[in-house]
Amino acid sequence: IGTRPGGHFVYAREYIAKGEEICYLRGILCEQPSRYSVQIGPSTHLAPHHESATTDGELPSPWIYTNHSCHPNAMLRGRELIAIRPIASGDEITFDYETTEWDMAEPFNCLCGNPECRRHIRGFAHIDEATRLKLMPYLADYILEEIAPAEAGSVP
């Protein structure tokens, strides 16, 4: 976990290959989203354990510092954070929050700086059709299931 003006971030300690599991998210299952939870099911969210260090000095939920990017290098599959392209040692690890969150508990203005930045992150329910199609390979299963009836209805 690194620190910079504005907050913390997660970075790679060593090279991570595309497709490699970065970490498994541990935490507390809950029904209500919060600023720090991540959605892992239609009505299930994972909240981080208390932020204080464990007896071995490790934070119990370091994934809490994994920031959003509109051009991420990782994605969530269930509770596994997976590299979607090679990540060099020292690079920040990010994922797109709108691929897991249907409706953000606390929307925010994105500052990722990518030319295709969506600027205001509110959740998958609020993005346009072109962006939805672009994100399809990275979407959480429960979001795919949620949009499947709508997609099936639009097929001629």
Side-chain angles (χ1 to χ4, degrees), residues 1-4 6-14 16-54 56-87 91-114 116-128 131-148 150:
I1 297 170
T3 305
R4 63 174 167 232
H8 296 15
F9 64 100
V10 173
Y11 66 92
R13 282 193 250 175
E14 57 190 39
I16 302 170
K18 178 181 178 178
E20 188 175 334
E21 180 182 326
I22 299 167
C23 71
Y24 181 83
L25 278 61
R26 290 176 172 69
I28 302 163
L29 296 176
C30 57
E31 292 180 13
Q32 295 299 316
S34 73
R35 178 180 183 161
Y36 298 109
S37 68
V38 64
Q39 190 170 355
I40 60 169
S43 58
T44 307
H45 301 265
L46 187 69
H49 288 291
H50 190 273
E51 294 181 52
S52 62
T54 61
D56 62 4
E58 289 290 316
L59 288 172
S61 301
W63 57 265
I64 189 175
Y65 301 113
T66 307
N67 293 316
H68 164 83
S69 175
C70 293
H71 184 67
N73 53 18
M75 68 179 201
L76 277 177
R77 277 292 173 251
R79 291 170 66 166
E80 294 178 353
L81 190 62
I82 309 289
I84 58 174
R85 62 175 188 262
I87 302 171
D91 283 357
E92 180 175 6
I93 299 170
T94 60
F95 76 97
D96 188 332
Y97 292 2
E98 290 187 316
T99 61
T100 63
E101 303 295 318
W102 183 257
D103 197 15
M104 298 286 297
E106 289 189 30
F108 61 93
N109 291 323
C110 182
L111 303 172
C112 74
N114 186 274
E116 296 181 27
C117 179
R118 296 188 298 276
R119 307 284 185 254
H120 194 63
I121 305 305
R122 299 183 296 169
F124 187 82
H126 304 280
I127 59 178
D128 62 77
T131 303
R132 285 179 172 212
L133 290 172
K134 187 176 175 181
L135 294 179
M136 289 291 273
Y138 310 107
L139 293 179
D141 291 341
Y142 52 87
I143 291 181
L144 288 170
E145 291 169 10
E146 178 72 27
I147 63 173

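Heavy-atom basis, side chains included; hydrogens, waters and symmetry copies ignored. Numbering of residues begins at 1 and proceeds along the displayed sequence.
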Give me the atom names and distance for the closest heavy-atom approach of [X] to [Y].
X: Ile93; Y: Ala12; result: CD1-N, 3.9 Å
X: Asn114; Y: His71; result: ND2-CB, 3.0 Å
X: Ile22; Y: Ala83; result: CD1-N, 3.7 Å
X: Pro33; Y: His45; result: CB-CE1, 3.5 Å
X: Ala47; Y: Cys30; result: CB-SG, 4.0 Å

Test log, rule side chain to side chain contact (heavy atoms under 4.5 Å, CB included), inputs Leu81 and Phe95:
CA-CA 8 Å; Leu81 190 62; Phe95 76 97; 4.2 Å; yes

Would a 4.5 Å heavy-atom cut-off, applied to side chains only, mark Ser37 and Ile28 as touching?
no

Could you list the residues that satisfy salt bridge (Lys or Arg N to Asp or Glu O under 4.0 Å) with Arg4, not counting sequence neighbours?
Glu92

With sequence neighbours excluded, what pairs up with Glu101 under the salt bridge (Lys or Arg N to Asp or Glu O under 4.0 Å) test?
none

[X] side, atom [atom1]; [Y] side, atom [atom2] - distance, nearest 0.5 Å:
X: Phe124; Y: Leu139; atom1: CZ; atom2: CG; answer: 5.0 Å
X: Arg118; Y: Cys110; atom1: CZ; atom2: SG; answer: 7.5 Å
X: Asn67; Y: Phe9; atom1: CG; atom2: CZ; answer: 9.0 Å
X: Thr99; Y: Arg77; atom1: OG1; atom2: CZ; answer: 8.0 Å
X: Ile1; Y: Tyr65; atom1: CD1; atom2: OH; answer: 6.0 Å
X: Leu46; Y: Leu25; atom1: CG; atom2: CG; answer: 6.0 Å

Ignoring hydrogens and angles, tell me if any N or O in the side chain of [X] forms a donor-acceptor pair with the backbone of [Y] under 3.5 Å.
X: Arg85; Y: Pro72; value: yes
X: Glu20; Y: Ala17; value: yes
X: Glu98; Y: Gly123; value: yes
X: Arg122; Y: Phe108; value: no

What residues, two or more places apart in sequence or in another chain, satisfy side-chain hydrogen bond (donor to acceptor under 3.5 Å, both in side chains) together with His8?
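In terms of side-chain hydrogen bond (donor to acceptor under 3.5 Å, both in side chains), with neighbours along the sequence ignored, His8 is linked to no residue.
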
Return each pair, listed once, that meets side chain to side chain donor-acceptor pair (under 3.5 Å) where at least one residue sits in residues 102-111; pairs must be two or more places apart or across chains.
Asp103-His126, Asn109-His120

Residue set satisfying side chain to side chain contact (heavy atoms under 4.5 Å, CB included) with Leu111, at least two apart, ordered chain then number -> none

Identified side-chain contact (heavy atoms from CB on, under 4.5 Å) partner of Ile40 from the options Leu76, Leu29, Thr100
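Between Ile40 and the candidates, side-chain contact (heavy atoms from CB on, under 4.5 Å) is satisfied uniquely by Leu29.
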
Just to verify, what does Tyr142 make a ring pair (Phe, Tyr, Trp, His ring centres under 6.0 Å) with, not counting sequence neighbours?
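Testing Tyr142 for ring pair (Phe, Tyr, Trp, His ring centres under 6.0 Å), a comparison that skips the adjacent residues, returns none.
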
Count the heavy atoms of every other residue, nucleotide or ligand shown that sit under 6.0 Å from OH of Tyr11, and state whether that count exceeds 12.
no

